[in-house]
Every structure is written in structure tokens, then in C-alpha cells.
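Here is the structure we will look at, set down as C-alpha cells.
On a predicted model such as this, the values are computed, not experimentally measured, just so you know. Chain A is the first sequence line, chain B the second, and so forth, proteins listed ahead of strands; every chain is numbered from 1.
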Number of protein chains: 2
Amino acid sequence: MSSWQEYLAANRPRFIDEMLEFFRIPSVSSLPEHAGDVRRAGEWVANRMRQAGIEHVQILETGGHPVVYGDLLHTPGAPTVLIYGHFDTQPVDPEALWTSPPFTPRIEGDRIYARGATDDKGNMLVPILATEALLQSEGKLPLNVKYFFEGQEEIGSPQLPDFVERYKDLLACDVVVSSDGGQWSETQPEVAIGARGLCALQIDVVGPQMDLHSGMFGGTVANPIHALVAILASMRSPEGKILVEGFYDDVQVLTPDEKAKIAAVPFDAAQEQARLGIDTFYGEPGYSPLEQRWVRPTLEVNGIWGGFQGEGMKTVLPSEAHAKITCRLVPDQDPATVAERVAAHVDKVTPPGVKVSVRRFENAAIPYLMPADHPGNAAARRVHLQLYGKEPFYVRSGGSIPVCSLFLASLGAYTVNFGFGLPDENIHSPNEFWRLSSFDRAQQAYCLLLHELAKPA
Amino acid sequence: MSSWQEYLAANRPRFIDEMLEFFRIPSVSSLPEHAGDVRRAGEWVANRMRQAGIEHVQILETGGHPVVYGDLLHTPGAPTVLIYGHFDTQPVDPEALWTSPPFTPRIEGDRIYARGATDDKGNMLVPILATEALLQSEGKLPLNVKYFFEGQEEIGSPQLPDFVERYKDLLACDVVVSSDGGQWSETQPEVAIGARGLCALQIDVVGPQMDLHSGMFGGTVANPIHALVAILASMRSPEGKILVEGFYDDVQVLTPDEKAKIAAVPFDAAQEQARLGIDTFYGEPGYSPLEQRWVRPTLEVNGIWGGFQGEGMKTVLPSEAHAKITCRLVPDQDPATVAERVAAHVDKVTPPGVKVSVRRFENAAIPYLMPADHPGNAAARRVHLQLYGKEPFYVRSGGSIPVCSLFLASLGAYTVNFGFGLPDENIHSPNEFWRLSSFDRAQQAYCLLLHELAKPA
């Protein structure tokens, strides 16, 4: 019996062919006409899992696109890890900007161009291949593994919370490993330990029941745009501090170690300003840009509208004005509580003469943070040290990764982010690609990780 | 020779027929396909003036729709009055809401339904008929009269300032009388002595050169909507006082007599609130609603937009945000100076991280105010006392009447507003009408007014 290293090397051409076959299935989850393709991709995954030697492989219904489950639970006393990934993709538009058809994968040098190549079909295939290599070379896995691949991550996994709750016994585990993610660069590993949460709301201001002539009525009737502007302006200080009462109440204070880990991550302000076309950054005083993005909450108006927006002028005193707001949240803020506090603030500062209502959207996300030195992260770190010869950066996402919070809430398990995409690979854009070198490194990484996770913490 | 009263009575059926003929010409000035109709209406007016006995009748070119001029200058030593009106109309849309075709006049009881019936073809025909009646009954006019009817009032008379400047010798006069306007009610006369001016501008705020992900960048990059909101909020106090430096500098203070004249005009707050669907009025403290509308300047945001405006949420930190503003101005505010001060305020309060520009629109209007006891108004008052048996209200317009400011600036003459429309006659709307009783009263009023204006002040 050869080593898993030898097995991987010997089967590389076949694994690449199989990956290309997987990429040919146009599993676009947002387009109803591709629902059958998403399911076909799930079936392809299920078959590939069986072929790898994974047991109890089954397609489970969510009410939306399906989930594929399987397991190998033959190591009593060892931990159980749940490996997560998704086989659906973003749409391809604008298709005209692709240099080759998005579902006809093309290899050019080290790069495989295809929609879903890095996000996440290539990355999610890896743990299946690593499992096969370990089984073929060592006869068994060093710990218990459950495999959980879903088909609707790109549309926000709407049925996943109910699904995970329903199958929590089946999915029970000590730690989750997500294959959906990436590394800092080809030479620099990272461990992603947190993501901001989210709450979203809309403010609707109504004044007179029809648009009015600004000459006949201006100066005597409250203008909904002015009311809205006053409400919104009251929410942030000129420096960007949020003035909603209680907004920062539940925010965790950074420990010196957390601060040091963020400070260790390089941030090139001048380069980023040039790329964004801005003269200066802006934000809450007392925090570095990465701290502002990763560990401080925000309140941003995403859209505003009211009255006349055409060419030239129109002397209207409008009947209505509207604004959309999202808040990015950090541990331990609760989306519903923050939305409540923003709504209370709006009530408090609403001027006379208008009616204001606050609508809350359902797209909330709970902030996520796991200990940087969690045993799962410690295992990932050891793998990175072997593969890159470097300490990883400990990073967080300014955006939201709801699945991590979901697994924590429903399964009581933290998620180790262990993907091998790189930042330039055009995810969600035309000409998405993945590197063959990353494909190779990822397979080794997963073989190493399963061994590292099997060791006592 | 009969009296002018007898002449008007005897010729009433003919005058009504002629007016209906005039209304049949679809002289819509804003629609290029009706340019020929506007000119035809001007020719109809010119012919009717000649038939009335008016001399030197001619059609003068403006570069846009034409002007019709004529005069009767045979009373040396007496004052010269310039009578103004317009023969163009608003469009008819939505035509489906008219109960009979807008250019097929229909008489129902006391009402004549037609586009332009009250605004302003009916009202502007009256001084021509009154002239005929005086000439036929008295052989001559009691003073010198120039007639000046234009064809583009409904599109803002774009060529009129240049035209009046070019023909200022021809148009020279002691006072202007405008037939474009109305009375408070069927039983209550009014004298309109002022109108607010206007300046208009747009604020454009630009931040990053593309829309950004609010998770990745929120908290570190200035959001143009927040910048705009802060700029706009800084312009008005919570009570509605305008905080732009120097904004009120040139505003005239009300005299006790002016205050009393405004206080004499009834204002039913409860009824108006119900009609507008608002709970309360709003405005600069220390002034009554009519004072706020007539003699205090405003700054109103007429439109605002930026970022995402669709259904649900989108976590965008937008690249741009915009607002349109108009200020209503009162004597002695200068539109250019006020626009300058608003722009200077914007410069002063612009937060870091965004670029802000202020565009000024050309649609400025100079505020207008004439002495309530101007000899022209005194003459109008005496006519009203005879016809209504009541003192007139002295009113102003919250909107703008640029022609009055134009005549004052170019000819040095104030404009007496002397029209007989009533507030319910659907001007600019479907089913515009005028009252035959107003048509009769207006003819008497003009015969009386020319006599009153001929008397020494």
C-alpha cells in the first residue's frame, strides 16, 4: 500500500478529469431553469462520494435545492468532524465578458477557468478526493467524518437553518470544517476566525398625501426628505461613531492578543485608496482600518430616495422619502436587538409633521467569532506551517458568513475555515478560475488536517 | 351713443361666440406640433384687436412663439398703461379625464369648459372687448394703452426677457396691468402684490469610484449618502429655520401695515390640514402660515437619490448621492447671491472622504413686491369696491411670477394683477372652465379700471 502522497500523485490526471466533469454541470442555484442541473450536480457529488468509499451517502431534501450527506464513522473515541461545502454556483452573466464558455472548463497554464472552479466546486471536491487517498493508502480515516454538501449557498441557503435543526442528530459533531474559503496568498496562509453579522431595515417617511407645489406650501408643511435627512444625520457623528442609544452595548472589547493578531495582518492604505479612488479613509476614531472592518459594528445607509430625480428642476415638496439601512454587527450583538434600538432611535428623533415607519428585513445574520486557538484552528495552523513554512494570519470577514453562526447555534460546533481559493480568482465575476497548484496543495492539506484533528488537543 | 354698459350688454352674445372661436384654437405652447396653432391664436388676437379699433397692431417675433402688440396713444398728458396677457395654453393631458373635448368649448349653466378658458385666453380677451366698448360708447380711451399679449407663458416665457429689453422703448409705460390672474372668490376681491423668487441647485456627492461591499468596506470608507445627509441636515434647524450663513441677510422686515394686510386674509388651518393629510403645520417660528408662505424664504430639498432603491436589501456602500434644492426668495433677496451662499455653506460643511459639487440651474426668478397702495392698486381697489362692495384682500403668491419682476426691471413699471379667474377653475388640469359671470364682471372691471387709472393719483 502506497502513501496518500503517492496515491494523490498517481491519480492526479484522473482527479483533474473528474473535476472538469463536475464543472461542466451548470448548477446555478438562483435560476429556476437550472434547478435540475443543481440536483444533477448533487447526484454527481453523491456518486463521487460512494466511489471514494464514503458510506450512507444520500440526497436529502430541504424544500429548495438538495443536500448531499455521507459519513465514515469507524474510529470510536476519536473526534467527529463535519466537512461542509456547496456545489451550486453564481450565475454567469455578463456572459459576453468570459473569454471561454463558463461551463466548458479550460486549462491554461496553472489555471482552470470555469464558473464555480474556486467557489466552491473545486474546493469542495478536495475533501472527497483526500478521503479516497487516505482510505486507499491507510485503509481507514484517523477520525470520524461526516460530509455535508449543499446546493444553495449562493442564494443565501434559505432552507438551511430549518434543515440543520431537523437533522441535528445526524449532523452532530465536535467541529465543522468548511471547504468554502481561501488563503491570503500563494505563499501566506490564513485562518479565518470571525465574520460580522447583519441586520437590515427600511425607513419610510410620509408627509402630505400628495406631492405639493413648493411655492404654495414650502415653509409651512414638513418636507419628508428633510425629516428623513434629520433622522439619518442624527445616527452618526461627523467622525463616523454611531449615536444610536445602546448600539455598542454588547460589543466585545478586543483582548491584547486579538489586537496583536489583527496588527500582524498587513494593510496597504495608500494602495487601497488609489484602487477605490478616495483621498482618505474615514471611520470611528481609535481603531485601525482592519479593526474598523472586522471588530467594530457599522450603520450604513445603502440607498435613499424621494421626490424628483430627473434632469433640471421640479419645484415639488414630495409626499414621501425612503432609506435602506444595514448594520454590520460584531460579537456579541444580536441582530434583532440592534434593529430594535435603531427603530427606537428613529421614533425618538422623528420630527413633527410626518409619519415614520421602520420595516425590518428578515436577512439577519448573527456575528461569528471562534477562539483563534481553538483545537481546530490549532490543527489548521500546524498544517499551514508544514505546507507554507509560515505562521498564518488570523483574519476576520467584514461581511457575513451565516453558515458558521448556524452550525454554532444548532450543533454547538465551531467552524474551521479551510479553503484554498486565492483573492484574485474572480469569484462571482466573469472568468472565475482556480489554480491547479491550489488543487494539489488543498488535497495534501486535507489529508494532513484529518490527521492533525485526530490528535488530542 | 349708448353707455359702455349698454354696449357690453347688447354685444354679449357676439362676444361669447368670439370667445368660443378663440378657445377652439389649440394653442399649446409646449408641443412643437402646435407651434402653428399658437401663431394662429396670435393672428386671431391681432385681428380681434384691429376690429376693436386698436392701432399699430403687429405680430413681433421673439425667436420662440410670437408676441402681439398694439396701442391707442391719443390722450396726451394722461398716463400710459401696458396691458399684458397670454394666448398660449397648457397641454390637455390626461385627455381621458375631460368630460368634453378640451378645444371644443362647451357651455353648461354659468360655466364654459375649455383648455385656456380662464388661464388665460378668456381673461386676456376681456381688455380688448372693454376697449371696443369704450371706443364705441365714448369715442376714445381715457388714457394711453399699449397691448402686449404673448404666446409662451406656459413654458416660462424663455425669450421674453431679451424681447422686453429689445423693445423697451415701444413698451415704455407708467404701469402694467396683467390680465393673468384671479380673485379670492365670487364675492371677495383680491389685489396680488407680490410673489416669491426662486433659485435652484443640485448637490452631487461622489465617494469611492465604484459601489462597494458594505461588509468589506463599511466603517472605513465615507458613504456619500451619509455625507449628503449631514450636509442637508445642517441647512435647517429642527424648527425649519434656515441655517445657511447670510441666508436671511437681505430679507425685508414686514411693516405693521403689511402684517395687518396679511392677517386680514382668512386661513383655515384645520380644513387645509385635512385636505393635505397632515396632522400639523410646520415652519419657521414667529410667523403665521401665510407669512411663512408669502414673506419668508424657504430652502426645500425637492429630490434625493443614491444607492439601492429596489425591493428588499442590498449591502452596498454607494459611489454617489445627489439632491436637488430650490429656495423660494422674498424681497430683497437676489437669486444668484442666495445660491452662492448655499454653495458656500455646502463647501464649509462637506465632511472628509467625499468630493462635493454644487450645480446651479438657470431657472432663477427675482422676488416681486409692489406697494399695496401703489396708484395702480388704489385704482383696482376702487373698482373692486364698486363691483363687490368690499375691500380686497392683499395677497401674495408663494410661487413665482417672473413677468412682474421682468417688467419692473426692464420697464421700471409695477404690474397691477387684474384677472378674474376663481380658485376652483381647474387651471393646468382636466376640465378647466371659466364662469360667464366672471366674463361679464371682468369687462365692466376693465372699463372701470381704465377710467380709474386715468384719474390723478
Side-chain angles (χ1 to χ4, degrees), chain A residues 196 200 207-209 212-223 225-226 229-230 232-233 236 238 240 276-284 289 292-293 296 298 300-309 312-318 321 324 326 328 351-353 361 363 397-400, chain B residues 196 200 207-209 212-223 225-226 229-230 232-233 236 238 240 276-284 289 292-293 296 298 300-309 312-318 321 324 326 328 351-353 361 363 397-400:
Chain A
R196 292 197 287 194
Q209 61 195 353
L212 301 180
H213 187 295
S214 76
M216 300 304 148
F217 296 96
T220 58
V221 174
N223 180 330
I225 296 178
H226 280 281
V229 151
L232 296 175
R236 299 212 319 200
L276 303 181
I278 56 175
D279 298 333
T280 178
F281 284 110
Y282 169 94
E284 198 189 359
Q292 289 166 345
R293 288 181 190 180
R296 298 299 293 174
T298 67
E300 296 285 347
V301 180
N302 307 117
I304 191 167
W305 70 103
F308 177 65
Q309 306 179 23
M313 54 162 274
K314 185 178 179 190
T315 53
V316 67
L317 195 164
K324 287 177 190 281
T326 49
R328 296 287 174 173
F361 294 113
N363 319 45
S397 169
S400 305
Chain B
R196 290 197 287 194
Q209 61 195 353
L212 301 179
H213 187 294
S214 76
M216 300 306 147
F217 296 97
T220 58
V221 174
N223 179 330
I225 296 178
H226 280 281
V229 151
L232 296 175
R236 300 212 317 201
L276 302 181
I278 57 175
D279 298 332
T280 177
F281 283 110
Y282 169 93
E284 198 189 1
Q292 290 167 344
R293 287 180 191 181
R296 299 298 294 174
T298 67
E300 297 284 348
V301 180
N302 307 117
I304 191 166
W305 69 102
F308 177 66
Q309 306 179 21
M313 53 161 276
K314 184 179 178 190
T315 52
V316 68
L317 194 164
K324 288 177 189 281
T326 49
R328 296 287 174 173
F361 294 112
N363 318 46
S397 168
S400 305

Pairing residues for A:Phe361 by the side chain to side chain contact (heavy atoms under 4.5 Å, CB included) criterion, not counting sequence neighbours:
A:Ala200, A:Gln202, A:Lys324, A:Arg359, A:Asn363, B:Met313

Nearest 0.5 Å, please: how far is CG in A:Leu212 from CD1 in B:Ile278?
8.0 Å

Quick one: closest heavy-atom pair of B:Phe308 and A:Trp305, and the distance?
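Looking at all heavy atoms of both residues, the shortest contact is O-CZ3, 4.0 Å.
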
Considering only heavy atoms and a distance below 4.5 Å, find which of [options] pairs most often with chain B.
options: A:Gln209, A:Lys314, A:Gln292; result: A:Gln209
options: A:Leu232, A:Asn223, A:Leu276, A:Thr315; result: A:Leu276
options: A:Gly306, A:Gly218, A:Gly215, A:Gly240; result: A:Gly215
options: A:Asp279, A:Thr280, A:Thr326, A:Ile225; result: A:Ile225
options: A:Ser400, A:Pro208, A:Gly283, A:Pro289; result: A:Pro208

Contact winner vs chain A - [options], heavy-atom pairs under 4.5 Å:
options: B:Ile304, B:Thr298, B:Val316; answer: B:Ile304
options: B:Pro352, B:Ala233, B:Gly312, B:Gly399; answer: B:Gly312
options: B:Arg296, B:Arg236, B:Met216; answer: B:Arg236

How would you list, by chain and number, every residue that makes a ring pair (Phe, Tyr, Trp, His ring centres under 6.0 Å) with A:Phe281, sequence neighbours excluded?
A:Phe267

Using a 4.5 Å cut-off on heavy atoms from C-beta on, say whether the side chain of A:Val229 contacts that of B:Val301.
no

Could you tell me whether the side chain of A:Asn302 reaches within less than 4.5 Å of the side chain of B:Ser214, counting heavy atoms only?
yes

Can you tell me which portion of [X] sits under 4.5 Å from chain B's heavy atoms? Options are side chain, backbone, both or neither.
X: A:Thr220; value: both
X: A:Pro318; value: side chain
X: A:Arg196; value: side chain
X: A:Glu284; value: backbone

